[in-house]
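The shown structure was predicted, so the numbers you read here are calculated from the model rather than taken from an experiment.
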Amino acid sequence: MRGRGGFGLVVDGRARRRALVVAVVMLVVTAVTVSFGAERGVGAVASAAPVSPSTASPRPADARDEPEECVGSRFATFGAVYDAIFDSLLPTMPPEMQKRAPSIKARAHRDMQGLRISKLAVSNHPYDMGADDESPIMTYRDPISQWIVTQLLNVREGDATEAIPVENLTVAQAVETVWLYLYVTVMVPLTIARRTVPSIATVAGPISVGTLITLPILLGVFAATQVYQAVSARLIDACIVSVSRSEKENAGKAVKDLRFTGSVPALLRDIADQVDLADPETCPAIGTLPLSRIVERTSTYLQSITSDAATDRRIAAMGDDVRQWMQQTRVHQNLIPADPADYNTAEYVISQIGVLIPYVGGAPLDVVIGLSHNRNQGDDFAATVPIADLSVTKTLTAAYYAYALAAHMVELAWSQGGVDPAAALLNDLFPDAGITADMIPKSTGLLGAPNLYGLVVYHNVLRSMCLAEDTRPAAPKASTNRVPVSAARW
C-alpha cells in the first residue's frame, strides 16, 4: 500500500507529530460537525443519497496515475488527510488490522462521502473567496464578519443551498469554521463575562479580587486568538499532504446537483447581488466611500421603490438638502482616533493590557492610542473636510469611540457612588439585603457588547466588501504583482 506524500510510510518523529496535529484538527472539527447533526440528523449537516463503494473509493483510478503535489490547508481535504494519517500509522497497527486496511479505508471514505454539510455552516478562508494578501478582508475581519462575507458571496453565486461532503472539506475550511463556533460559543461569552465581573474587594492599590479573576480570561482569549492566527496562516503554506490534480480541484467543492431544501430570503438575495469582495485595485471597499455616495444611493433606492411621482420629488429634494448641509459642514477628521483594527502590534498589546488599568484603561486609553497613531503617520489635526467627504469608516469609527466612551463613563459613575441598575433592582426586591454594585455582575459588561460584537462586525463587513457596481477591470500590472490565490494552480 503506497503512502501519501507529506506523511509517507516512514513513521519518523516529524511525520508522527505532523500526523497528530492534523488528527487533532480533524477530531475537533468532527466533534463540532456531529454536534450540528449526523448522517441521520437534521440542520446544517444532513445525509443525501447513499454512496456506492465505487464512488467512495479512497483514490479513483484516474487520480492514481496523476502526478502529486504537496499542498497546504486550502487543498488538503479530509479524505486525503485521512489516507495520509492511516498510511503513516499502518506499520504500527496489529497484523489483523493491516490485513483489513483496504476495507477500513473504503468504509471511512463512504462515511465521509455520505455526510454532507451545508455551505451555510462553513466559513471560508479569505483566499478561498478570491482574496490575496492586499485585499482588505485580510486586515479587517473577525470570525463573525468573515462568515457573513462567506455567505453573502455564496448567495451572490447561487451556492447557498449547496452541500459539501466531509470527504471534500478542506483543513482550511475546518480551521475557520471551528474557530467561528469557538468564538461565538466561548470567546464572546467569556469576554462579556469578564467585563461584568465586579471588583468584589481590593487586594492592593488598584488591584482587586475581580481583576485577579478576569486576568486569566483576558490572557486566555488573547492567547487563543494568537494561536488561531498562527495556525491559520502557517497551515496555508505548509506541506500537509500530497494530492493529485483532480483531488486538488475537488477540494472544498460541493456535491454536484445536490442541494438542501429551503430558499434564501429576497432581502438577503438583493443585498448579496449588490456587493462583492473588496479589492484595492478593482473594487474599493464600502468603508472607503464618502458619505455623499451613501446618501445618493439611499435617495435613489427610496425613489425606486415608490410609485408616486410627488413622493419621488420630495425624496429627491430631501436628499439634495442633506447633501448641501453635508457639503457646508466641515469636521476635523484626523481628530477621530485610528480604528483599533489599524493599530500596530505595540499599540494593540498596550490596548489589551490597558483594560486592567483603573479609570483610564479601556476606551480613554484607546482614544489616546488612536490619536497617537494618527500623529505618528503625519495626520494634521487642524485639517478639516466636509462631512460629505468623510468616509464610512471614519464615521463608524467615531460612532465606536463615542459608544465606548459613553459606556465607560457610565461604569465610572456607577462605581463612584452611582447605583448600578441591577443593584438598584435587587435592593428594591430585597430591601434589607444591602446589596452593592461590588457584590453583583456589572451591567456595563452587557452594555458594551453591542459595540464590540455588533458595530465592529458590521464595520468589518463594510471594509471587506464593495459595491458590485464599482467593479472595474484590473490594471495590467496587477497580473504580475498580485497573483490571485483562489484557484487551484499547477
>> Before you tell me yes or no, could you show the steps for L396 and V456 under side-chain contact (heavy atoms from CB on, under 4.5 Å), namely the whole-Å CA-CA distance, both residues' side-chain angles and the distance that decides it to 0.1 Å?
In response: CA-CA 9 Å; L396 291 179; V456 171; over 6 Å; no
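- Taking each heavy atom of P136 and A278 in turn, the nearest pair found is CD-O, 3.5 Å.
- Inter-residue side-chain proximity for R116 and V255 is flagged as met; some heavy-atom pair is nearer than 4.5 Å.
- The structure places CG of D279 at 12.0 Å from CD1 of I137, a figure rounded to the nearest 0.5 Å.
- T384 has its side chain out of reach of V331: every pair of non-hydrogen atoms, C-beta onward, lies at least 4.5 Å apart.
- Counting all heavy atoms, side chain and backbone alike, L277 lies closest to G130 at CD2-C, 3.9 Å.
- By the 4.5 Å heavy-atom criterion applied to side chains, V360 and L365 are not counted as neighbours.
- With hydrogens and angles ignored, the 3.5 Å screen pairs a side-chain donor or acceptor of N334 with a backbone N or O of D380.
- Using a cut-off of 4.0 Å between Lys/Arg side-chain N and Asp/Glu carboxylate O, R463 and D339 are scored as salt-bridged.
- Side-chain N/O atoms of Q274 and R297 include a donor and acceptor closer than 3.5 Å.
- With rounding to the nearest 0.5 angstrom, the CG atom of N124 is 11.5 Å from the CG atom of L180.
- Minimum heavy-atom separation, I286 to V275: CD1-CG1, 4.2 Å.
- Counted by atom type alone, N168 and T77 present zero donor-acceptor pairs between their side chains at under 3.5 Å.
- Put simply, CG on D366 and OG on S351 are 3.5 Å apart, with the number rounded to the nearest 0.5 Å.
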>> For a salt bridge (charged side-chain N to carboxylate O under 4.0 Å, His left out) check, start with the C-alpha distance between D159 and K253, then their side-chain angles and the critical distance, and finish with the verdict.
In response: CA-CA 11 Å; D159 300 336; K253 296 294 181 63; over 6 Å; no
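- Salt bridge status for R269 with E157: absent, with no side-chain N to carboxylate O gap under 4.0 Å.
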Check: residues 230-238 side-chain donor-acceptor pairs under 3.5 Å, at least two apart:
unit_1, atom_1, unit_2, atom_2, d
S232, OG, E176, OE2, 2.7

>> Run F75 and V171 through side-chain contact (heavy atoms from CB on, under 4.5 Å) and show every step you take.
In response: CA-CA 8 Å; F75 302 110; V171 174; over 6 Å; no
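- Side-chain atoms of Y401 come within 3.5 Å of backbone atoms of A338 as a donor-acceptor pair (strictly under, hydrogens ignored).
- Legend: residues meeting side chain to side chain donor-acceptor pair (under 3.5 Å) with Y183, ordered by chain and number and at least two apart, are absent.
- Remark: side-chain polar atoms of Q352 are not paired, donor with acceptor, to backbone N or O of L218 under 3.5 angstrom.
- Using a 4.5 Å heavy-atom threshold, the side chains of S123 and Q173 count as separate.
- Going from atom CG of D320 over to atom CE of M318 covers 11.0 Å, rounded to the nearest 0.5 Å.
- Annotation: the span from Y140 atom OH to N460 atom CG amounts to 9.5 Å, rounded to 0.5 Å.
- For the atom pair Q328 CD and R323 CZ, the distance stands at 13.5 Å (nearest 0.5 Å).
- Residues Y181 and P143 fail the side-chain proximity criterion, which asks for heavy atoms closer than 4.5 Å.
- Between the side chain of N376 and the backbone N or O of S372, at least one donor-acceptor pair lies under 3.5 Å.
- Taking the charged nitrogens against the carboxylate oxygens, D273 and R156 have no contact shorter than 4.0 Å, which rules out a salt bridge.
- The backbone N or O of Y301 lies less than 3.5 Å from a partner atom in the side chain of S304, making a donor-acceptor pair.
- D321 and Q324 share no donor-acceptor pair across their side chains, judged by distance under 3.5 Å alone.
- Distance alone, capped at 3.5 Å, is enough to place a donor-acceptor pair between the T150 side chain and the Q146 backbone.
- No side-chain N or O of E296 forms a donor-acceptor pair with one of T300 less than 3.5 Å apart.
- In terms of modelled atom types and a separation under 3.5 Å, the side chain of R472 and the main chain of E281 share a donor-acceptor contact.
- By the 6.0 Å and 45° rule, R375 stacks over the aromatic ring of F381.
- A pairwise comparison of heavy atoms in K119 and Q151 identifies O-NE2, 3.2 Å as the closest pair.
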> Can you list the steps and then say if S73 with I240 is a side-chain contact (heavy atoms from CB on, under 4.5 Å)?
Replying inline: CA-CA 7 Å; S73 60; I240 296 178; 4.0 Å; yes
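- Judged by distance alone, the side chain of T196 and the main-chain N or O of A193 form a donor-acceptor pair under 3.5 Å.
- Each of T225, V457, L452 was compared with D142 under the side chain to side chain contact (heavy atoms under 4.5 Å, CB included) criterion, and only V457 meets it.
- The side-chain heavy atoms of H459 and Y400, taken from C-beta on, include no pair separated by under 4.5 Å.
- No side-chain donor-acceptor contact under 3.5 Å links S299 to the backbone of V295.
- Scanning both residues, W147 and L120, for their nearest heavy atoms gives NE1-O, 3.0 Å.
- Residues S135 and P126 have side chains not in contact (no heavy-atom distance under 4.5 Å, counting atoms from C-beta outward).
- Every residue meeting the side chain to side chain donor-acceptor pair (under 3.5 Å) condition with H373, not counting sequence neighbours, appears here in chain and number order: E347.
- A donor and an acceptor atom, one from each side chain of T311 and R314, are located under 3.5 Å apart.
- We find that E69 and K248 are joined by a salt bridge, their nearest charged nitrogen and carboxylate oxygen being less than 4.0 Å apart.
- In terms of heavy atoms, A76 sits closest to V81 at CB-CG2, 4.1 Å.
- Within the 4.5 Å cutoff, no side-chain heavy atoms of R330 are placed close to those of I387.
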>> For a side-chain contact (heavy atoms from CB on, under 4.5 Å) check, start with the C-alpha distance between R293 and D470, then their side-chain angles and the critical distance, and finish with the verdict.
In response: CA-CA 12 Å; R293 174 74 182 281; D470 291 341; 2.8 Å; yes
